[in-house]
Protein chains: 2
Amino acid sequence: MQHLHGGVTIRDVARQAGVSVSTVSRVLNDKDDVAPETAAIVRRVIEEMGYASSIAARSLRSRTTNVVGLIVPDLWHPFTSLVIRGVNQVTSAHGYDLLAYASARRNPYSMADWEVHLVAQLNGTVTDGIIVVTPNAATYRTALPLVAIDPYQATTEYPAVIATNYQGVLEAMAYLVSLGHRRIGFIAGRPDLESAKRRLEGYHAGLAQAGIAFDPALLVTGDYTRTTGAGCAEQLLALDPPPTAIMASSDETAFGVYDAAARRGMRIPQDLSVIGFDNTLESLSVNPPLTTVDQSIEQMGALAAELVLKLIQGQPCESRQYKVATRLVVRQSCRAIDPGS
Amino acid sequence: MQHLHGGVTIRDVARQAGVSVSTVSRVLNDKDDVAPETAAIVRRVIEEMGYASSIAARSLRSRTTNVVGLIVPDLWHPFTSLVIRGVNQVTSAHGYDLLAYASARRNPYSMADWEVHLVAQLNGTVTDGIIVVTPNAATYRTALPLVAIDPYQATTEYPAVIATNYQGVLEAMAYLVSLGHRRIGFIAGRPDLESAKRRLEGYHAGLAQAGIAFDPALLVTGDYTRTTGAGCAEQLLALDPPPTAIMASSDETAFGVYDAAARRGMRIPQDLSVIGFDNTLESLSVNPPLTTVDQSIEQMGALAAELVLKLIQGQPCESRQYKVATRLVVRQSCRAIDPGS
DNA sequence: GCTGGTAACGATACCGGTATCGTTACCGGA
DNA sequence: TCCGGTAACGATACCGGTATCGTTACCAGC
């Protein structure tokens, strides 16, 4: 309790053990320049005093922390959770600690480049490398190894891990067409998001591939959320005739479609087929289980972690874009229809 | 790029702006001892150079970081996610950043006191306060304000936020009794967990309150997981006569009961009433929706955050234990029966 | 003219560690 | 005896910021 904050410092330990701070530091870092008996004494004193070294101070000088930083827009969204899971698997396997950092901003999406100040915070000396989830900026002022997952920008100065959004929707559309659907509604994501743009392109391509003319009335724009998705679905279902299937840009949006259908007394899949995008945990437990496009979000996190660890070890990245394949997961929210109906 | 790590330091900014580091620091912290024109120049240089100050260095001297640390056993478990959500709401409302720290240990539960080294890491100067989720240790070597959520120990040296596990089960039992149930099975949680012990006590109290004699055969011990829960349920349903209702110590366990009932061709709630504990998201989407005890996990997180912020501001905590009330959420997994049946 | 006060800014110690270099004691060999 | 080498450890600069105090210039008031 000699210092203001009450913590035990390396100097306290040194004094107590009757050695210099240098020696204590050597013991802490398992250097070999210290006699076994001395090391034993120091270790005992450390134990007795409950000393723990501060990463902040250590890293300031030694520039290595064994910690990987993960910057996320929020910490509870299903997408984020899955990313974290994948990242953590890899980092922990390599003995790195994981530190997830979320903004104090109330709504992460309210401001462009919300993440730049977080990168800046971690920039100094807290982490050895950074992974950013859904970043806005195309470049950062940092010398730390940095990898992005699902960036908004199409081209970035840092390596990025992205899903094959285009192919994912394309595959889903082909599936709907194979079931006989011709009037397929699409609820897009926020147009400023790269992933949303790619998914929309997949929709157009899917129509073209099936020889179906694009009907502007069947395209509404949401923002990946459930409530907006419900509103968009209302709009689509009010058409005459309504679409027989709706391709949603995200699972959350698809749940909104469920809500809207329920309000209109429509049954899924009897009266309406629905496909989502993300394969979140919830998509399995809704009723009926949602057919959706799996992004292997967890795998994206794992890949990003491997990349950042490679960069930390000084190895270069061959590519600037790493694509993780999507996969259509067929459950029970779609059914085949007669072309005539 | 003059330094090894390539980052721009406050000295680079000072040199570029033609002022001293002191002045730059003053501008950074909005001190009033600086001329507006000078401040403008400094700010412009900061912008141009993309300078960002390092928390590590700052906090080393100023002992305040505006960051609250959250130490969790994992980052993806639903319980953790909800806690984080509650914590984040409060911290962000007060302008604090949130930093979630997970262990590199593969299985957090494999070692006792997994969290002590994480507390030690954050101890020094990285955060202003710490919240620990489901900690083992009853005390920590840290001078930082520390609050725990759902600790394993019954009594701790730090303030703890806990749910009213006892009352929660008691209320659920009263509900089952009111529906006419007399043979009520109970699947306990891991006996070393404080929360599991309290829930078991609630079961006994519930029986006593209804004047029902305790039957040891109706009590089996699980571990909060789904598969074990299923095994326990098999055991209970093999009894003659089987219980008409099962009180599960967690939602996961309750899902296990669903599984076991399905295997035996029993319908819920027609043939068996089930109550869970946790009110996870999944409990809403299973079929039938699960009647369960809500822990308001999110509210626990929020309360813990408020406490830690109070401590950071130097205000004392009146109590050592803060209880968050549980609440029975009645859905469709229970039905009334004739006492005779 | 001299003093006192204040606005604006600079110089420097310091936070808690680590890296680097220096110092001491002790040993073997010529 | 003297020298060189090495094991063990100490002294100190330094990381990038902030806190504290000192300095300068300028102006009002006597």
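To find a chain, count down the sequence lines: A is the first, B the second, and so on, and within it residues start at 1. All values below were derived from every heavy atom in this structure, side-chain atoms included, with hydrogens, water molecules and symmetry-related copies excluded.
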Inset, instruction - Mind calculating the distance between CG (A:Asp30) and P (C:dA19) to the nearest angstrom? - result: 13 Å
Legend entry - For atom CZ of A:Arg11 and atom P of D:dT12, their distance in whole Å: 12 Å
Inset, instruction - Rounded to the nearest 0.5 Å, what's the gap from CG on B:Leu99 to OG1 on B:Thr91? Could you check? - result: 11.0 Å
Legend entry - Nucleotide nearest A:Thr9 when distance is taken to its side chain, options C:dG16, D:dG17, C:dC9: C:dG16
Legend entry - Shortest side-chain distance from A:Arg26, nucleotide among D:dG17, C:dT18, D:dG10: D:dG10
Legend entry - Donor/acceptor link under 3.5 angstrom from B:Ser22 side chain onto base of C:dA11: yes
Legend entry - Net bend of the helix from C:dG1-D:dC30 to C:dA30-D:dT1, end axes of five pairs each, nearest 10 degrees: 70°
Inset, instruction - Looking at every strand, decide which applies to A:Thr23 at a 4.0 Å heavy-atom threshold: base, sugar-phosphate, or nothing. - result: sugar-phosphate
Legend entry - A:Thr127 (side chain) donor-acceptor with A:Ile130 (main chain) under 3.5 angstrom: no
Inset, instruction - Measure the spacing between OH of A:Tyr101 and CD1 of B:Ile55 and express it to the nearest 0.5 Å. - result: 5.0 Å
Legend entry - Among D:dG16, D:dT12, C:dG10, the one nearest A:Val21 by side-chain distance: D:dT12
Inset, instruction - May I have the distance from A:Ile10 (atom CD1) to D:dG10 (atom P), rounded to whole angstrom? - result: 12 Å
Inset, instruction - May I ask you to test the A:Asp128-A:Tyr96 pair for a side-chain heavy-atom distance under 4.5 Å? - result: yes
Legend entry - Closest to side chain of B:Tyr51, choosing from D:dG17, C:dG17, C:dG10: D:dG17
Inset, instruction - Using the closest heavy atom to pick a nucleotide of DNA chain C for each, name whichever of A:Asp33 or A:Asn29 lands nearer the 5' end. - result: A:Asn29
Tell me which donor-acceptor pairs under 3.5 Å the side chains of residues 33-44 of chain B have, and how far apart each pair is, sequence neighbours excluded?
residue	atom	partner	partner atom	Å
B:Arg44	NH1	B:Glu48	OE2	2.9

Inset, instruction - Using a 4.5 Å cut-off on heavy atoms from C-beta on, say whether the side chain of B:Val83 contacts that of B:Thr80. - result: no
Inset, instruction - Return the value, rounded to whole Å, for the distance between atom CG of B:Leu28 and atom P of D:dG16. - result: 15 Å
Legend entry - Distance below 4.0 Å between B:Ser62 side-chain N/O and D:dT18 OP1 or OP2: no
Legend entry - Sub-4.0 Å heavy-atom contacts from residues 34-44 of chain B onto DNA chain C, ordered by number: B:Val34, B:Ala35, B:Thr38
Inset, instruction - Among B:Val19, B:Val24, B:Val27, B:Val13, find the residue that satisfies the side chain to side chain contact (heavy atoms under 4.5 Å, CB included) test when tested with B:Val45. - result: B:Val13
Legend entry - Rounded distance (Å) that lies between atom P of C:dG16 and atom CG of B:Leu144: 13 Å
Inset, instruction - Ignoring hydrogens and angles, answer whether the base of C:dG16 and the side-chain atoms of A:Arg58 contain a donor-acceptor pair closer than 3.5 Å. - result: no
Inset, instruction - For C:dC9, take OP1 and OP2 only and decide whether either is under 4.0 Å from a side-chain N or O of B:Lys31. - result: no
Inset, instruction - Starting at atom CZ of B:Arg15, determine the distance to atom P of D:dG17, rounded to an integer number of angstrom. - result: 12 Å
Legend entry - Presence of B:Ser25 side-chain N/O under 4.0 Å of D:dT18 phosphate oxygens OP1/OP2: yes
Legend entry - Length of the line joining A:Leu60:CG and C:dT18:P, which is rounded to integer Å: 11 Å
Legend entry - Candidates D:dC9, D:dT18, D:dC15 - which lies nearest the side chain of A:Arg61: D:dC15
Inset, instruction - Tell me, with the steps shown, if A:Ile46 and A:Leu28 meet side chain to side chain contact (heavy atoms under 4.5 Å, CB included). - result: CA-CA 9 Å; A:Ile46 286 176; A:Leu28 285 174; 3.8 Å; yes
Legend entry - Inter-residue atom distance B:Ile84.CD1 - B:Glu298.CD, 0.5 Å rounding: 11.5 Å
Inset, instruction - May I ask you to check whether A:Ser25 and A:Ser22 show a side-chain donor-acceptor distance below 3.5 Å? - result: no
